[in-house]
Colleague: 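This structure is in C-alpha cells; I'll ask about it shortly.
Small disclaimer: the values here were computed from a predicted structure and weren't measured. Just so you know, residue 1 is the first one in the sequence shown, and it goes up from there.
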Amino acid sequence: LGCFAFASLGPIASKRSSGNDSLVGVGLMGLYLALDGFTGSFQEQLFHSHKISRFNQMLYVNSVSACTSLLSLVLLGALGSAT
C-alpha cells in the first residue's frame with residue numbers, strides 16, 4: 001500500500017533519467033511484492049515441516065543476508081567505501 005501511494009500520489013520522475021526507466025521500476029516493484037508475499041508463506045511451511053524455532057530461523061535468515069551483502073560488496077569492489 002505504501003509503495004503504491006508513493007508512486008501514484010506525486011511526480012516520481014528523475015531529473016537525470018531518460019524516462020524509459022518507469023517500466024523497469026514498475027516491474028522491479030512487482031517482483032519485489034511477489035517475492036515478499038512468497039517469503040512469508042515459505043517460512044511458515046518451513047516452521048511446520050522442519051520444526052525450526054523462530055530464533056533459529058531469524059539467525060539463518062540474517063546470516064544468509066549478511067553473507068549475501070558481504071559477497072555483493074566484495075564482488076562489486078565496494079567493501080572499502082561501505083565501511
Colleague: Nearest 0.5 Å please: distance from the CE atom of M58 over to the CZ atom of R54.
Modeller: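 Taking CE in M58 and CZ in R54, the distance rounds to 9.0 Å.
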
Colleague: Between N56 and Y60, is there a side-chain heavy-atom distance shorter than 4.5 Å?
Modeller: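 Answer yes - side chains close enough.
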
Colleague: What are the two closest heavy atoms between Q43 and V61, and how far apart are they?
Modeller: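 Nearest pair, atom of Q43 first, then V61: NE2-CG2, 3.8 Å.
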
Colleague: I'd like to know if the side chain of D36 and the backbone of Y32 have a donor-acceptor N/O pair within less than 3.5 Å.
Modeller: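 No; zero donor-acceptor contacts below 3.5 Å.
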
